[in-house]
Number of protein chains: 2
Amino acid sequence: MNGFQRNTRQRQVILEELQRAASHPTAVGLFGLVRRRLPKISLGTVYRNLELLVRMGAVQKLEFDGEARFDGNVERHDHLRCVGCGRVDDLFGPPLDLLGGESDDLCGYEILGHRLEFFGLCPACRRRRNSGGGNGATAAPTEES
Amino acid sequence: MNGFQRNTRQRQVILEELQRAASHPTAVGLFGLVRRRLPKISLGTVYRNLELLVRMGAVQKLEFDGEARFDGNVERHDHLRCVGCGRVDDLFGPPLDLLGGESDDLCGYEILGHRLEFFGLCPACRRRRNSGGGNGATAAPTEES
DNA sequence: GTAAGTGCAAATGTTTTGCCAGGTC
DNA sequence: GACCTGGCAAAACATTTGCACTTAC
């Protein structure tokens, strides 16, 4: 809990490679890219720095098909994923129109469907936060009853 | 590759419990629920049947926070996830309006953001499918270049 | 000099798989 | 009886973590 971190070469290269990559690499994929420049870097370091960069707001963590993918572009945008080859493309601009008509052809993709997820604080967690508590993020998960 | 499967008690119970569960259990969570009725069932069986039920279109596979979650409701709907406790609620009705205003309060949730993802076939995979080929789903992933 | 950060390896957690026994048609 | 399935345990992955050494500040 301090907020200050050092500017290491590893972190720098990780961020650079992620921002350069057109694809949305997984941690392991990015590890491969970074290793070309820093052959001794370890996978653990990549994971640790990605987590840090996400918390700093410098990169965005996505999630496709069970594995985490990272996006060096923090601008608000959506994604197009190919179910054939796994490729993920960016989609800028308001998706509202698209959602409405669910146009069959978007950026050359043949669209099969979409997934929309909102995230935030549920009523219980809002109460928990407001009423003293102090315990913010680490409440006991409300799992199946 | 047959298309027909037997109707086993395990599969039946798994589907029932999933449809009954208000939450969107993970495979392991569902395993716990099912085990109350079938104490000898194994986790592998739960996974195998879930995969089968997804392919049959009887259940929906979601994905939150790195783990797969399953939804017994196949109707088209979206989701609300609490970043505090991990709870996932259903959200029916057209989300278009919601997306537009990004109303701060949705079903009692304090909305912090959303994620929208389209999926389909990318241009390359469409071509690959149309031109002879036959090889449909298992093309080489277009990973980082 | 010192604490944050790294590399390495072992640990963790989730999902998949091989194999054989058992149930279903 | 053939063949789909289930149970079990091991394997395969992705990700996290403990620890001693390095390094940015």
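Below, chains carry the letters A, B, ... as their sequence lines are ordered, and counting in each starts from 1. As a basis for the values below, the full set of heavy atoms in this structure was taken, side chains included, without hydrogen atoms, waters or symmetry mates. Keep in mind the model is a prediction, meaning the values are calculated, not measured.
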Could you state the [atom1]-[atom2] distance from [X] to [N], rounded to the nearest angstrom?
X     : N      : atom1 : atom2 : value
B:F70 : C:dT14 : CZ    : P     : 13 Å
A:D65 : C:dT15 : CG    : P     : 12 Å
A:L30 : D:dA14 : CG    : P     : 14 Å
A:K40 : C:dA9  : NZ    : P     : 11 Å
A:Q10 : C:dA4  : CD    : P     : 17 Å
A:E51 : C:dA4  : CD    : P     : 15 Å
B:R9  : C:dC25 : CZ    : P     : 14 Å
A:Y47 : C:dT6  : OH    : C1'   : 17 Å

message: On the nucleotide D:dG6, are OP1 or OP2 found under 4.0 Å from the side-chain N or O atoms that B:T8 carries?
response: yes
- prompt: Is any side-chain nitrogen or oxygen of B:T45 closer than 4.0 Å to OP1 or OP2 of D:dG7?
  reply: yes
Base, sugar-phosphate, or nothing for [X], non-hydrogen atoms under 4.0 angstrom?
X     : value
B:I41 : sugar-phosphate
B:N7  : nothing
B:R48 : base

message: Within the 3.5 Å criterion, strictly below it, is a donor on B:D90 or B:H24 matched to an acceptor on the partner's side chain?
response: yes
- prompt: When you measure from the side chain of B:E63 to the backbone N and O of B:A68, does any donor-acceptor pair fall under 3.5 Å?
  reply: no
- request: Give, for atom CZ of A:F92 and atom SG of A:C107, the distance between the pair rounded to the nearest 0.5 Å.
  value: 10.0 Å
query: What distance separates B:D71 CG from B:Q19 CD, expressed to the nearest 0.5 Å?
result: 10.0 Å
Out of [options], which has the shortest distance to the side chain of [X]?
X     : options               : result
B:A27 : C:dC8, D:dG7, C:dT15  : C:dT15
B:N49 : C:dG5, D:dG6, C:dG7   : D:dG6
B:R6  : C:dT6, C:dT24, D:dT15 : C:dT24

field: Joint cluster assignment, B:L53 & B:L38, ILVMFWY side-chain distance < 4.5 Å
entry: yes
- prompt: Of A:G44 and A:L52, whose closest DNA chain C nucleotide lies nearer the 5' terminus?
  reply: A:L52
